[in-house]
Every structure is written in structure tokens, then in C-alpha cells.
Amino acid sequence: MDVERLRAFVALARARRFVRAARALGVSQPSLSRRVQQLEQDVGAKLVVRTPAGIVLTSSGERFLPHAERALASVDAGRNAIDHLSGQPRGAIALGSQPNLSAYVLPVVLARFHERYPSIVLRLREGTNEQIEELLAAGEIELALTNLPVRRLDLAVQRLWQEDYMLAVPVGHRLESIGRSIALAEIAGEPLVVIRGIPPTVALFAACDERGVQPRVVVEADNLEAVRRLVERGLGVTLLPRMMAEAADPRKLRAVEIARGGLSRHIALVHRGEAYLTAAAKALRVVVIEMLARKKGSERNKKR
């Protein structure tokens, strides 16, 4: 049974759409469709059905999927075992990350890694927590930086650092020079720029509910970089991770500390387990931990 056919089926089962699965594998849609059809011929059963809402697995597909995933995991582990014999990191690494971590944390880390291993190709994939976990589980990326908690119990998690959220306001806002930390309840009634469903937005809505105030959402965005830029334009206020808030242009945006008991996020390095890491992925893991541990130490010293 062809490994690439299995990989095509697993990717399609995860993405539920040919466009997404083909993009994830770096192949054309006709090629992906052909591989899945060939696999169906191999197993003698229909595995997927197209619907207007996307791909649906047949009962045969549902039963076959965990076996296909285990087969791919075994093949990948075998390849890694052979790779380890050389002892030299080589090839390419697929790294997953949330967009804000890619922009504010990874550039210095990946630059250091490239200095040490200039022949290794780095492939960066961005997405939400859920998307990153699915990419890891499907073997499409080897390592990832993401927020905790991680939902999947089959993933190995290594905590890296914790950071607070700060209130981000446009320059000239009444809270800009308040001179003290602010409670979330004091933000109730302010125009808000948010991403629906994420922890800081949930916290802001809870603070409004505590005050008996309906949240004044001005704009809903889908990424933190857009949220930051909208706040800079004066559309409203928001909560941003400390690294983003403090890196913003002080001529456009000011960051205000949240009072004790505020909100924080935990960042972790996640992968499928030691057996699935190539020598190159292990080398990158070392650099990530080394650089971010140094970053955490310097931040603690600044606060003192």
C-alpha cells in the first residue's frame, strides 16, 4: 500500500476539504483526488463522499482512519530511526505556530537556528490552536508553539513561558495616564476590538456582565495583529499579550497594566513524542528552549 496515498487520505480526513488538504500536502487537487481514489481501489471500499458542506467519511473510512494514522506514524518513526544513525541534523523541518508568536517570538529563534544549521530548510505553518494540533496529529508538522491547554492527550507538551495580558488603548485615551493598574471591570462600557471566543474576550465580556453592562463590540477580527492596528486607529480598546503590547509604537498605542488577578497565557512547545522527532527537529527544539529560556530570564530581570 502506497504511503503517499495513505497520507493523502489522512490529510483529507482531517481537513474535510480538498482545497485545504491539497494545500497542506503541497500537491494539486487532482493529484490528491487521484491518490485517494487509488487507495479506495487498494482497500476495496469507498472511504470518502463529497457533499456541499465538504468531505464526509463513509463507515469504511471512519474505521480505516485510525489504522492509516498508526501506519503513517510507524513509517515516520522508522525513517527517524534511520536518520538518527547519521547523528547529523539534515533535511527540512515543519514548524507550527500561532501568527502572533511567529511575528514576535520566532524571528530571533529561527535566525539563530539558521546560523547553526544553514543547510536545513525551515517550513513555517501558522494557524489557530486547534489547527496546529490537527497538523501535529496528522504528522504534517513536527514541532509547534501554541497556547495551553492542549486538547489532544497524545501530544507531548513542554511549558516554555507565561505572560500577562495588558490593556491596549489608543494614544490620548482617558486610561492612558491613569498611573496605576486597572481592573477589568473598569473597562466595562468601553468600545471593544475583539476576537470572538478567545480567553481575553471571554474575560472582557465577563467583566461587562459583572457591571451589568452590555459589551460595546465595535469590530470583531480574526487575528491579534489586526486587532492591534485597529486599536492604534482609535476604534476601541482590547487586551493584548504583553510582548505585543510593549512592542507597539508608543506614538500610536499605550499599554496599561491589569490589576492582580488579571489574565495570562501559557506558551508551550508541542510535538507527537520523542520517537517522531528527526535529528533536525531535535536540534530545533534545543534552540527554541535555549532562546526562550534566555528570553524569560531577561524579562524577569527587567521586572526586578
Side-chain angles (χ1 to χ4, degrees), residues 97-109 124-132 145-148 161-267 292 295-296 298-299 302-303:
S97 175
Q98 294 176 330
N100 64 90
L101 296 174
S102 298
Y104 291 87
V105 175
L106 283 181
V108 65
V109 175
L124 183 59
R125 298 282 300 275
E126 296 183 332
T128 63
N129 275 19
E130 292 77 12
Q131 291 167 338
I132 292 298
L145 287 182
T146 189
N147 290 349
L148 292 178
W161 82 90
Q162 173 183 341
E163 67 174 337
D164 298 329
Y165 280 87
M166 302 184 76
L167 175 65
V169 302
V171 169
H173 191 277
R174 67 178 183 84
L175 296 174
E176 172 189 332
S177 56
I178 193 169
R180 58 174 175 82
S181 58
I182 185 171
L184 285 180
E186 295 180 72
I187 308 169
E190 292 287 337
L192 303 175
V193 180
V194 300
I195 299 175
R196 181 72 63 170
I198 66 173
T201 301
V202 173
L204 283 173
F205 285 5
C208 289
D209 185 60
E210 182 184 331
R211 282 288 184 93
V213 176
Q214 185 70 21
R216 289 178 55 197
V217 176
V218 178
V219 182
E220 288 185 10
D222 63 3
N223 68 84
L224 286 175
E225 194 65 23
V227 168
R228 180 183 65 81
R229 291 177 180 273
L230 289 165
V231 172
E232 288 178 348
R233 288 288 183 177
L235 273 78
V237 305
T238 196
L239 295 179
L240 291 178
R242 179 177 294 275
M243 67 176 182
M244 288 189 69
E246 293 185 341
D249 187 342
R251 296 170 298 179
K252 300 178 180 178
L253 182 146
R254 298 294 172 85
V256 182
E257 294 279 356
I258 300 297
R260 195 177 190 84
L263 191 67
S264 63
R265 68 172 182 172
H266 301 260
I267 310 300
L292 295 181
K295 172 179 178 290
K296 287 187 293 182
S298 63
E299 285 179 351
K302 283 181 184 177
K303 289 180 182 179

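Note that the numbering runs from 1 along the sequence shown for the chain.
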Would you mind reporting whether [Y] and [X] have side-chain heavy atoms less than 4.5 Å apart?
X: Val171; Y: Leu253; result: no
X: Arg180; Y: Val256; result: no
X: Met166; Y: Leu239; result: no
X: Pro170; Y: Arg233; result: no
X: Ser97; Y: Leu106; result: yes

Run the side chain to side chain donor-acceptor pair (under 3.5 Å) test against [X] and tell me which residues pass, sequence neighbours left out.
X: Asp249; answer: Arg251
X: Asn129; answer: Gln98, Thr146
X: Arg254; answer: Glu176
X: Ser264; answer: Gln162

### Query
How far apart are the C-alpha atoms of Tyr165 and Leu204, what are their side-chain angles, what is the distance that settles it, and do they pass the side-chain contact (heavy atoms from CB on, under 4.5 Å) test?
CA-CA 12 Å; Tyr165 280 87; Leu204 283 173; over 6 Å; no

Output the distance between atom [atom1] ([X]) and atom [atom2] ([Y]), rounded to the nearest 0.5 Å.
X: Glu257; Y: Arg242; atom1: CD; atom2: CZ; result: 4.0 Å
X: Leu192; Y: Leu235; atom1: CG; atom2: CG; result: 11.5 Å
X: Ile267; Y: Asn100; atom1: CD1; atom2: CG; result: 7.0 Å
X: Asn223; Y: Thr128; atom1: CG; atom2: OG1; result: 12.0 Å
X: Phe205; Y: Leu184; atom1: CZ; atom2: CG; result: 13.0 Å
X: Arg228; Y: Glu225; atom1: CZ; atom2: CD; result: 4.0 Å

For [X] and [Y], which heavy atoms make the closest approach, and how far apart are they?
X: Val231; Y: Ala168; result: CG1-O, 3.6 Å
X: Ala188; Y: Ala207; result: CB-O, 4.2 Å
X: Leu224; Y: Ile195; result: N-CD1, 3.7 Å
X: Ala203; Y: Leu263; result: CB-CD2, 4.1 Å
X: Ala221; Y: Ala226; result: CB-CB, 4.2 Å

### Message
With side-chain hydrogen bond (donor to acceptor under 3.5 Å, both in side chains) as the rule and sequence neighbours excluded, what pairs involving residues 192-214 come up?
### Response
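Every pair satisfying side-chain hydrogen bond (donor to acceptor under 3.5 Å, both in side chains) with a residue in residues 192-214: Arg196-Glu220.
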
### Query
Can you tell me if Glu186 uses its side chain to pair, donor with acceptor, with the backbone of Ala183 under 3.5 Å?
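The answer is yes, because a donor-acceptor pair under 3.5 Å joins these two groups.
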
### Message
Determine whether a donor-acceptor pair (N or O, by modelled atom type, separation under 3.5 Å) exists between the side chain of Thr238 and the backbone of Val193.
### Response
yes

#### Entry: Arg229 atom CZ: more than 12 heavy-atom contacts under 6.0 Å
no

### Task
Could you give me the CA-CA distance, side-chain angles and deciding distance for Val237 and Leu167, then say whether side-chain contact (heavy atoms from CB on, under 4.5 Å) is met?
CA-CA 7 Å; Val237 305; Leu167 175 65; 4.1 Å; yes

### Query
Are side-chain N/O atoms of Glu126 and Ser102 paired as donor and acceptor at under 3.5 Å?
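Note: Glu126 and Ser102 side chains meet the donor-acceptor criterion.
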
### Task
Could you go through the side-chain hydrogen bond (donor to acceptor under 3.5 Å, both in side chains) check for Glu246 and Tyr104 one step at a time?
CA-CA 11 Å; Glu246 293 185 341; Tyr104 291 87; over 6 Å; no

### Task
I would like to know whether Asp164 and Ile258 meet side-chain contact (heavy atoms from CB on, under 4.5 Å); could you show each step before the answer?
CA-CA 8 Å; Asp164 298 329; Ile258 300 297; over 6 Å; no

### Query
salt bridge (Lys or Arg N to Asp or Glu O under 4.0 Å) with Glu190: which residues, sequence neighbours excluded?
Arg174

